[in-house]
Amino acid sequence: MVRFVAGLLSLTALVVAARRDKARLAVHSLDSSSMVPHPITNALRKARRAVNEQLDLMTTAETEASAKKASLESAVQKKLSLMQEVENKSTHLRAHAKSTREMSVAVEKATTAHLAHGKDHEAALTKFQTLAQEAQDLKAQVADKMASFMKEVERRKKELEDLRDKHNDKVKESDEAKLQANELEQKLMAANKHKVGVEEEQIKAEKAMNEAEQELREMQAQLDSAVSAATKAEAEDLEADGQLREAKGNHERTKRTRDLLEGLRKGVETFFKSIRTLEDSMMESEGEGKAYDRIKKDANLKVLLENYNLMVARFVDIHTFDEDIYSQVKPAQPFIVKNSLAEIVYICDPLTHFGELPEDISKFKGSELDKHCGQGLWDAVDLTQNTFP
């Protein structure tokens with residue numbers, strides 16, 4: 001920021017001009033279009049320009065912080081959507097896993113039934129083979145009996161018939177056993193077919209489940225990545241919030257500084273304009289008495305001193321709000337005091353009846369000139385002079 005010091009230290013030296021019997025005091029030259037000395041006006045303008053540049057920077061920082069916050073909020077929303085998608089996929093996978101477990105139970109039951117049918121079939125075959133062997137043995141016995149006891153056919157007929165009956169019974173039982181074995185074989189074949197079908201379904205289910213688990217693992221990896229990114233985004237979002245608040249604060253503070261400097265500029269201009277107004281009024285009443293008596297009765301004196309207090313209040317406002325800025329405008333104070341006091345003392349005592357204004361302003365306090373044209377003027381309008389910070 002261009003410092004006030006550079007402008008204020010360049011104030012021109014007081015011009016000593018003999019006014020009315022060599023009693024005129026030193027004051028700065030004024031621009032024809034302004035009541036304020038050039039160095040003070042220029043310094044205020046440069047400071048205001050620097051504050052406006054800083055305000056532009058703060059506005060840009062606030063805009064960038066707002067954009068960053070909106071981007072981070074989008075990343076957080078993406079994380080929430082992906083988490084919901086993973087939850088839905090997990091629910092589907094749990095249902096699929098349940099179906100697979102039910103198929104596994106069905107396969108186990110079919111396997112158990114298959115084993116049971118296999119055992120029944122083996123028992124039936126064994127029984128058939130046993131009965132067939134017994135029938136074969138009986139048939140051999142019949143043949144033997146017929147060969148050996150041909151002559152005793154009649155006598156053995158009844159015995160033979162009994163044996164035939166037994167043979168027939170055994171054959172019948174054997175046929176029934178064979179039929180039962182065939183039925184059991186059909187059941188076994190059906191059970192085998194069912195078992196194969198169930199096993200194929202189980203293989204398909206297990207494959208689908210493996211694919212779903214792989215997909216879930218991939219989605220979990222994506223979720224972990226999204227959670228990590230969202231966590232980082234949330235942290236950056238908090239940081240962006242802080243940066244946005246800081247940018248807004250700096251923006252507002254810079255605007256406030258600019259407004260205070262503008263208020264100070266207007267206060268200084270108004271004060272020096274009041275000096276010209278009082279001087280014009282005193283010239284109009286010239287010849288109506290001593291200047292140091294007439295000035296106390298002039299209504300413009302109170303307005304002038306009130307404007308002085310308002311100008312000092314503007315310096316106090318800047319000192320309270322921003323000491324760095326105040327340190328740049330503070331060097332203007334002694335120039336303002338010395339120039340304005342020289343003007344007012346000249347208006348009050350143009351003939352230097354109470355002596356000339358000393359170069360060292362501290363020696364002015366308590367002097368006869370101060371009693372009439374300094375503190376005396378404040379007492380005349382019943383005002384208390386404000387002091388610079």
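Between Val268 and Leu264 the shortest side-chain heavy-atom distance falls below 4.5 Å. In this structure, the side chains of Thr352 and Tyr346 stay at 4.5 Å or more apart for every pair of heavy atoms. Looking only at side-chain heavy atoms (C-beta outward), Phe364 and Leu369 come within less than 4.5 Å of each other. In this structure the side chain of Gln180 never reaches within 4.5 angstrom of the side chain of Glu176, judged on heavy atoms. When side chains are defined from C-beta on, Glu134 does not count as touching Lys166, because their heavy atoms never get closer than 4.5 Å. Leu304 is listed as a side-chain neighbour of Ile275, based on a closest heavy-atom distance under 4.5 Å.
Annotation: the span from Gln141 atom CD to Asp144 atom CG amounts to 8.0 Å, rounded to 0.5 Å. Here the straight-line distance linking atom CG of Leu244 with atom CD of Glu64 works out to 11.5 Å at 0.5 Å rounding.
The backbone N or O of Gln333 lies less than 3.5 Å from no partner atom in the side chain of Lys338, so there is not a single donor-acceptor pair. Here the side chain of Ser148 pairs no donor or acceptor atom with the backbone of Lys145 at under 3.5 angstrom. Tyr326 contributes a side-chain N or O that, together with a main-chain N or O of Pro389, makes up a donor-acceptor pair within less than 3.5 Å.
Between Met311 and the choices Ile336, Asn386, Thr270, the side chain to side chain contact (heavy atoms under 4.5 Å, CB included) rule is met once, by Ile336.
No hydrogens or angles considered: nothing links the side chains of Gln328 and Asp324 as a donor-acceptor pair under 3.5 Å. Side-chain N/O atoms of Ser274 and Asn307 include a donor and acceptor closer than 3.5 Å. Using modelled atom types and a 3.5 Å distance limit, the side chains of Arg217 and Gln214 yield a donor-acceptor pair. Looking only at atom types and distance, the side chain of Glu239 has a donor-acceptor partner in the side chain of Gln243 under 3.5 Å away.
Using a 4.0 Å cut-off between charged side-chain N and carboxylate O, Arg258 and Glu262 make no salt bridge. Classification of Arg276 and Glu279 as a salt-bridged pair holds, one side-chain N sitting under 4.0 Å from a carboxylate O. The residues Lys255 and Asp259 are annotated as not salt-bridged, no charged nitrogen and carboxylate oxygen being separated by less than 4.0 angstrom.
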Evaluate the criterion side chain to side chain donor-acceptor pair (under 3.5 Å) for residue pair Asp137 and Gln133; output intermediate values, then yes/no. CA-CA 6 Å; Asp137 293 342; Gln133 185 61 45; 3.0 Å; yes
Intermediate values then yes/no, side chain to side chain donor-acceptor pair (under 3.5 Å), Gln375 and Asp379: CA-CA 6 Å; Gln375 184 59 43; Asp379 295 339; 3.0 Å; yes
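Because its NZ or CZ atom is not both nearer than 6.0 Å to the ring centre of Phe271 and within 45° of the ring axis, Arg314 does not count as a cation-pi partner of that residue.
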